[in-house]
Amino acid sequence: MNRKVQRNYEALASVNGLRLDPQSGVMYGNVSGYSVQLYASSDGQPYMLTMSFAVTRNAEPLTKEECKSFSKQYKQIMSLRQQQNLVLVSLRAYSKQEKLQENVKEALSVSAAFLRQNGFTECCQACGQTTSTYSCMVGNAAMQVCPSCYQNISQSENMKLQQKEQASENLIGGIVGAILGSLLGAVCILLISQLGYVAAISGVVMAVCTLKGYELLGKKLTTRGVVISVVLMCVVTFLTNRLDWAILVSQELDWGISYSYQAVPYLIEEEIIEMGSYYGNLIMIYLFVIVGAVPMVRNILRNQKNAGRIYRMGGTEL
């Protein structure tokens, strides 16, 4: 969270009687008797906010019709949904801070009124008991839990962290996973290209599948794993782009795929394949791979850094 966003969050929290947890960027507090947490849906969209209420009622969960009916009444609310003991309200994004503050204030008010009208009472998000709760962070997730569940979650997270730290990286498994993932990405690039497009999704799939493949079979994604995955992405993307052109050559000249693949450099040299088109296509795919790889690597490293982290907002980290 950069300084500008933090200052805007501090102002937004202050106007609405909330507090900002500077470590996580989550705003929290109490509105009309309901504890609420307000946070960004993603790091890349800091003003697309979600309100989270830990509540329960002695009735069936909210129906889709009830959720849609509520959302349609207020222009600042995109959607409302219930997930077990959570009611989540997604808000429309506003970059103008005065407008954002005004709409968040209205959304908090009408959401709390909706919960009260529909018989919801505050509860622990984990066990569902109607008791006093804490706003806390568990890894990267904001939660509203009772003291008992807070302790149980703390013990569980610490145990998971110890097990993860004790697990050793499986280099061979990671490389195999990255290769399999990169091949899935290559198939995606080829399929989309044969349809006549160079789509961003193909590069993103290449990055995600390669990194995730290494992490799944390698047990953990270390800096070494990231480097190996990036090298594989670059190599496989280069070979895939050449194979894509070889398929085109094979179709146009009625040559075999293998012969066409070997002939691609010669055809570029002889300007039968335009060099600008060939390398322009390759650079475009590489850019899309970067678009997919950078945020994923950042999220994985952040999750590893925050693994096992649990603390009560306004309190101390365990």
Of all heavy-atom pairs between [X] and [Y], which one has the smallest distance, and what is that distance?
| X | Y | result |
| --- | --- | --- |
| Leu62 | Cys67 | CB-SG, 3.9 Å |
| Val5 | Pro46 | CG1-CB, 4.0 Å |
| Met206 | Ile189 | CE-CD1, 3.9 Å |
| Ser154 | Ile310 | OG-CD1, 3.4 Å |

Does a side-chain heavy-atom distance below 4.5 Å link [X] with [Y]?
| X | Y | value |
| --- | --- | --- |
| Leu38 | Leu91 | yes |
| Arg242 | Pro265 | yes |
| Ser90 | Arg81 | yes |
| Asp21 | Tyr311 | yes |

query: What is the distance from atom CE of Met78 to atom OG1 of Thr50, rounded to the nearest 0.5 Å?
result: 9.0 Å
- line: For residues 114-123, the side-chain hydrogen bond (donor to acceptor under 3.5 Å, both in side chains) pairs (sequence neighbours left out) are Ser35-Glu122
- request: Kindly state each residue pair satisfying side-chain hydrogen bond (donor to acceptor under 3.5 Å, both in side chains) with at least one member in residues 57-74, sequence neighbours excluded.
  value: Thr63-Glu66
Any residue meeting ring-ring contact (aromatic ring centres under 6.0 Å, His included) with Tyr278, in chain and number order, not counting sequence neighbours: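 Tyr278 satisfies ring-ring contact (aromatic ring centres under 6.0 Å, His included) with Trp245 once adjacent residues are dropped.
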task: Any chance you could pull the hydrophobic cluster mates of Leu287, using side-chain heavy atoms under 4.5 angstrom and chaining through other members?
output: Ile283
query: Do Arg19 and Ser135 pass the side chain to side chain donor-acceptor pair (under 3.5 Å) test, and can you show the C-alpha distance, the side-chain angles, and the key distance before you say yes or no?
result: CA-CA 11 Å; Arg19 297 176 64 186; Ser135 285; over 6 Å; no
Side chain of [X], backbone of [Y]: donor and acceptor closer than 3.5 Å?
| X | Y | value |
| --- | --- | --- |
| Gln82 | Gln84 | yes |
| Ser250 | Trp255 | yes |
| Ser109 | Glu106 | no |
| Asn16 | Leu12 | yes |
| Ser41 | Met48 | yes |
| Tyr34 | Phe120 | yes |
| Asn103 | Lys99 | yes |

field: Sequence-distant partners of Lys212, salt bridge (charged side-chain N to carboxylate O under 4.0 Å, His left out), two or more places apart
entry: Glu215
field: Leu18 vs Tyr9, side-chain contact (heavy atoms from CB on, under 4.5 Å): CA-CA, chis, key distance, verdict
entry: CA-CA 10 Å; Leu18 306 176; Tyr9 277 7; over 6 Å; no
- request: Please assess Asn8 against Tyr47 for the test side chain to side chain donor-acceptor pair (under 3.5 Å), listing each intermediate value before the final yes or no.
  value: CA-CA 10 Å; Asn8 289 335; Tyr47 303 119; 2.6 Å; yes
message: A cation-pi test, strictly: NZ or CZ of Arg312 under 6.0 Å from the centre of the six-membered ring of Tyr150 and no more than 45 degrees from its axis. Yes or no?
response: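 No.
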- request: Flag yes if more than 12 heavy atoms outside Glu271 fall under 6.0 Å of its CD atom; otherwise flag no.
  value: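 12 or below, so no.
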Report all side-chain donor-acceptor pairs from residues 223-237 shorter than 3.5 Å, counting only partners two or more places apart or in another chain.
{"unit_1": "Arg224", "atom_1": "NH2", "unit_2": "Glu169", "atom_2": "OE1", "d": "2.8"}
{"unit_1": "Ser229", "atom_1": "OG", "unit_2": "Gly225", "atom_2": "O", "d": "2.8"}
{"unit_1": "Thr237", "atom_1": "OG1", "unit_2": "Met233", "atom_2": "O", "d": "2.6"}

- prompt: For Arg7 and Lys4, what are the C-alpha separation, side-chain angles and deciding distance, and is it a side-chain contact (heavy atoms from CB on, under 4.5 Å)?
  reply: CA-CA 5 Å; Arg7 288 196 300 270; Lys4 180 180 179 181; 3.9 Å; yes
- request: Evaluate the side chain to side chain donor-acceptor pair (under 3.5 Å) criterion for residues Gln144 and Gln37: first the C-alpha distance (whole Å), next the side-chain angles of each, then the deciding distance (0.1 Å), finally the verdict.
  value: CA-CA 8 Å; Gln144 193 76 27; Gln37 294 170 341; 3.3 Å; yes
field: Criterion side-chain contact (heavy atoms from CB on, under 4.5 Å) on Val31 and Ser111, from CA distance to verdict
entry: CA-CA 9 Å; Val31 177; Ser111 296; over 6 Å; no
- prompt: Going through the distances and angles, do Lys96 and Leu100 end up as a side-chain contact (heavy atoms from CB on, under 4.5 Å)?
  reply: CA-CA 6 Å; Lys96 189 176 180 181; Leu100 178 67; over 6 Å; no
